[in-house]
Amino acid sequence: RAGKALFEAQRVGRGKIITHGGFYASPAAVRDGLRNGEFFLLFQAVIDLATGVAIGAEALVRWQHPTRGLVSPAEFIPLCEASGSIVVLGQWVVRESIAEAANWRRLRRWEHEEVSVSINASARELASTGYGEFVLAECATAGLPPAQVCIEVTETDFGTDAAVVRANIRVLRGAGVLISMDDFGTGHSSLSRLTEIDLDVIKIDQSFVAVIDTQLDSPVADLTIKLAAALDLQVVAEGVETEAQAQWLRERGCLLAQGYLYSRPVAADEFVARFLVQPSS
Ligand code: C2E
Ligand code: CA
Ligand code: CA
Ligand code: CA
């Protein structure tokens with residue numbers, strides 16, 4: 001396994017996807033980073049558009065690298081995927097996110113439905129045998145009901161790994177974990193992917209929300225909301241930055257949203273203070 005990952009890292013390196021120095025995200029480097037506490041999670045609230053209440057949060061990883069400073073996941077996640085280190089990093093993300101969400105259950109002060117945590121999973125993770133069981137074991141350890149976990153996947157061609165991916169999704173959904181299609185509409189053959197994987201949630205990509213303006217419509221966002229309704233799926237809009245966008249989404253029946261209008265990704269403590277602990281009246 002390690003040999004295979006190394007081979008792929010070298011192959012990708014030669015293919016110029018990883019340039020010189022890209023090996024900072026090698027399996028060994030990521031393991032060291034995890035051991036040294038260089039990774040941390042931020043959480044972005046998922047908001048009920050009707051009430052403004054947070055129904056959950058998405059975990060977003062950051063790397064405080066000793067020499068590179070704060071690195072964005074948009075930079076290091078693709079490198080981790082190429083080197084194979086995404087699997088060990090992903091396990092850490094799953095464990096930390098679930099432990100945090102288990103905390104929220106205890107800290108939450110007001111009588112609202114349970115707060116869930118959304119976790120991003122790379123294709124490589126979903127295609128690892130035992131991924132589903134791992135997530136469920138972490139839920140059991142932390143005392144978090146699996147129904148409070150949502151796994152976000154992207155539209156990827158799983159190719160020969162499709163059977164393993166489907167098995168993991170079956171294990172997860174069988175225990176109540178929700179499966180969400182992230183960045184919907186930006187990948188390839190979106191519609192066929194929709195029927196390939198059993199889903200619970202579709203996320204409207206922020207690029208289709210960004211175009212919504214007081215004068216401008218977003219046909220793709222509109223269609224995604226209708227598609228979700230027809231398929232009986234929940235729909236979450238991401239990248240909501242203005243009240244006009246929120247209003248547009250509400251009018252079309254989109255119930256859930258994330259975005260800077262409500263909160264940037266913040267540390268867990270801040271998420272708890274701002275969204276879970278009832279403000280004193
Ligand atoms: P994503 O899953 O699509 O996450 C949404 C990204 O949009 C996040 O960027 C978030 O900070 C940003 N965002 C949220 N609201 C707004 C808004 O109102 N306006 C704008 N302009 N941006 C907004 P971030 O945190 O840099 O993450 C980038 C990507 O890295 C994520 O995209 C996801 O694909 C990946 N990623 C992050 N954490 C993980 C992880 O733990 N595992 C894996 N596999 N991928 C991750
Ligand atoms: Ca996501
Ligand atoms: Ca997304
Ligand atoms: Ca994205």
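Scope of the values below: all heavy atoms of this structure, side chains included, with no hydrogens, waters or symmetry mates.
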Side chains of [X] and [Y] in contact at under 4.5 Å (non-hydrogen atoms):
{"X": "Asp217", "Y": "Arg252", "answer": "yes"}
{"X": "Val201", "Y": "Val236", "answer": "yes"}
{"X": "Arg274", "Y": "Val266", "answer": "yes"}
{"X": "Tyr131", "Y": "Leu172", "answer": "yes"}
{"X": "Val93", "Y": "Phe39", "answer": "no"}

CD1 on Ile202 to CG on Asp182, rounded to 0.5 Å: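 Rounded to the nearest 0.5 Å, the CG-CD1 separation comes to 11.5 Å.
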Pair up each side-chain donor or acceptor in residues 219-230 with any protein partner under 3.5 Å, not counting sequence neighbours, and list the distances.
{"residue": "Asp222", "atom": "OD2", "partner": "Lys226", "partner atom": "NZ", "Å": "3.1"}
{"residue": "Thr224", "atom": "OG1", "partner": "Val220", "partner atom": "O", "Å": "2.7"}

Shortest non-hydrogen separation from Ala267 to Leu42 and the atoms involved: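 Closest heavy-atom pair between Ala267 and Leu42: N-CD2, 3.6 Å.
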Non-hydrogen atoms of Phe208 and Gly185 that approach each other most closely: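 Where Phe208 meets Gly185 most closely, the heavy atoms are CZ-O, 3.9 Å.
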Heavy atoms of other groups near Asn36 CG, more than 12 under 6.0 Å: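 Above 12, so yes.
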Heavy atoms of other groups near Arg31 CZ, more than 12 under 6.0 Å: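 Result for CZ/Arg31: open.
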Residue pair Gln234 / Asp200, side-chain donor-acceptor N/O under 3.5 Å: no
NZ/NE/NH1/NH2 to OD/OE distance under 4.0 Å, Lys203 and Glu238: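 Result for this pair is yes, salt bridge flagged.
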Joint cluster assignment, Ile98 & Val272, ILVMFWY side-chain distance < 4.5 Å: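 Yes, one cluster joins them.
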In one Ile/Leu/Val/Met/Phe/Trp/Tyr side-chain cluster, 4.5 Å: Ile86, Leu60: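 They do not share one cluster, since no chain of ILVMFWY contacts under 4.5 Å joins Ile86 to Leu60.
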Residue pairs involving residues 36-46 (criterion salt bridge (charged side-chain N to carboxylate O under 4.0 Å, His left out); sequence neighbours excluded): none
Aromatic plane relationship, Trp63 with Tyr24 - under 30° parallel, 30 to 60° tilted, over 60° perpendicular: tilted
